[in-house]
Number of protein chains: 2
Amino acid sequence: MRADAQRNIDALLEAAKTVFATSGVDAPVREIAEMAGVGVGTVYRHFPQRADLVAAVFRREILACADAAPVLAAEHGPGEALALWMQRFAAFIATKRGLATALYSGDPAFESLPAYFEAHLVPALEGLLAAAVAAGEVRDDVGTSELMNAVGGLCMQAQKDKPGQSDRMVALLIDGLRYGAGRSSGKP
Amino acid sequence: MRADAQRNIDALLEAAKTVFATSGVDAPVREIAEMAGVGVGTVYRHFPQRADLVAAVFRREILACADAAPVLAAEHGPGEALALWMQRFAAFIATKRGLATALYSGDPAFESLPAYFEAHLVPALEGLLAAAVAAGEVRDDVGTSELMNAVGGLCMQAQKDKPGQSDRMVALLIDGLRYGAGRSSGKP
DNA sequence: CACTTATACGGAACATTGTTCCGTTTAGCA
DNA sequence: TGCTAAACGGAACAATGTTCCGTATAAGTG
């Protein structure tokens, strides 16, 4: 692959990420092309359909989010790493206005995203959660998928309201996890 | 209001209902105008925004569905009326590809729809369900909203698959209601 | 019934946006 | 340095929401 092609792909993904976070995933292709400093022809050369670019950005950010897990685990204690990652995950969701709609649109370009989610994010959380449970820092009666869905739903709802609400809600959830630390189930 | 104006509004709502059921709520305005036998200018005279037409069709069909409840209740026994209405409700959802997406789009034109739902459909089901419970034809431990959401979710999922699946699934749900008739809760 | 006018109508024209096409430029190589 | 396949840019096309305005007409009025 030619060096300029790779450069442009990177620039496009970066620009798209920014534009999507600002204007939602429905932003015009031209706007993304302009911010990346390329022509629309270049966009379509690398991403035959608009949706392919959207999916590529999602995949890239899912990976980035998943990759943060081992780093956080290495730099912090198990409970702290779990908390930080959940905030990181919440921040990821927050920049995805229109994600749910896109996922349910039936567009084939998005078909692989749920699997990508499952393949990368669930294991990432799984590891952090298991470590935190093993360290006795959080309760052990909450499932990984359950927790992910909770955070996801929380952020989707919170998007409509004031910014910062997601953070507080997720923090609340984390405190809930810590509250029953070392217990099997039931209220303390 | 001039007679031709009212006539065109009716024709537009009817045409839109048909087109939405066939092509989804994203169908072009021109297509609806043509089927109604009017120009696009007429559409926008009565519905300033495309979304207003969509919302009007939804409201109209919600009303029609709610109005069917007392009719069914008068013509059939309580259990049968409940079953028929649930099928009717399922049929309504089935013609609404894109409803969920529209509802979550954030468009102000759709903001009032959930309230409309709550104000008309929930009471309609409430009455039928209560009557059927009172007659001892169905179990009494299922809530109205719960049941509506179940049917709604069922149909949303079933839309992607073979036609007729919704009907069978709803029928299954109804049999489930009947199975525990006269009991308070728990499995038989 | 003829006349008048406010109302409504139709569809061409405009604006936005996804997508395609092709003449021009350039990276990588011999 | 010169060649060529790959990549680029942006004009042009297509689809669709929306606006505008000249024309037609419903419904009063004399």
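No hydrogens, no waters, no symmetry mates; every other heavy atom, side chains included, goes into these values. Order of the sequence lines fixes the chain letters, A, B, ..., with proteins taken first and strands second; residue numbering starts at 1 for each chain.
The side-chain heavy atoms of V43(A) and I32(A), taken from C-beta on, include no pair separated by under 4.5 Å. In this structure, the side chains of L173(A) and L147(A) come closer than 4.5 Å at one or more pairs of heavy atoms.
Residues meeting the salt bridge (charged side-chain N to carboxylate O under 4.0 Å, His left out) test with D10(B), sequence neighbours left out: none. With sequence neighbours left out, E126(B) forms a side-chain hydrogen bond (donor to acceptor under 3.5 Å, both in side chains) with T144(B). Applying the side-chain hydrogen bond (donor to acceptor under 3.5 Å, both in side chains) test to D4(B) and every residue at least two apart in sequence or in another chain returns R2(B). Here R59(A) pairs with S112(A) under the side-chain hydrogen bond (donor to acceptor under 3.5 Å, both in side chains) rule; sequence neighbours left out. In this structure A131(B) satisfies the side chain to side chain contact (heavy atoms under 4.5 Å, CB included) test together with P78(B), sequence neighbours excluded. Legend: residues meeting side chain to side chain contact (heavy atoms under 4.5 Å, CB included) with A90(A), ordered by chain and number and at least two apart, are V151(A), C155(A), V170(A).
When atom types are taken as modelled, the side chain of T95(B) and the backbone of F92(B) share a donor-acceptor pair closer than 3.5 angstrom. Of the possible polar contacts, one joining the W85(A) side chain to the C65(A) backbone as a donor-acceptor pair under 3.5 Å is found.
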Below 3.5 Å is the cut-off: list the nitrogen or oxygen pairs between protein and nucleotides 28-30 of chain C, distance only.
| from | atom 1 | to | atom 2 | distance (Å) |
| --- | --- | --- | --- | --- |
| dG28(C) | OP1 | A3(A) | N | 2.8 |

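Contacts classified as salt bridge (Lys or Arg N to Asp or Glu O under 4.0 Å) and involving residues 98-123 of chain B (residues at least two apart or in different chains) are not found. Annotation: salt bridge (Lys or Arg N to Asp or Glu O under 4.0 Å) contacts involving residues 11-25 of chain A, sequence neighbours excluded, comprise E14(A)-K17(A), E14(A)-R60(A).
V40(A) comes within 4.0 angstrom of a base, heavy atoms only.
Heavy-atom distances under 4.0 Å link DNA chain D to A27(B), P28(B) of residues 11-28 of chain B, given in residue order. Looking at residues 44-55 of chain B, you'll see Y44(B), Q49(B), R50(B) sit with a heavy atom under 4.0 Å from some atom of DNA chain D.
On the nucleic acid side, DNA chain D contacts chain B at distances under 4.0 Å to non-hydrogen atoms, with the end points of that region at dT16(D) to dA27(D).
Using a 30° and 60° split on the angle between ring planes, F89(A) and F117(A) fall in the perpendicular class, above 60°.
Taking atom CZ on R30(A) and atom P on dG18(C), their separation rounds to 7 Å, with Å as the unit.
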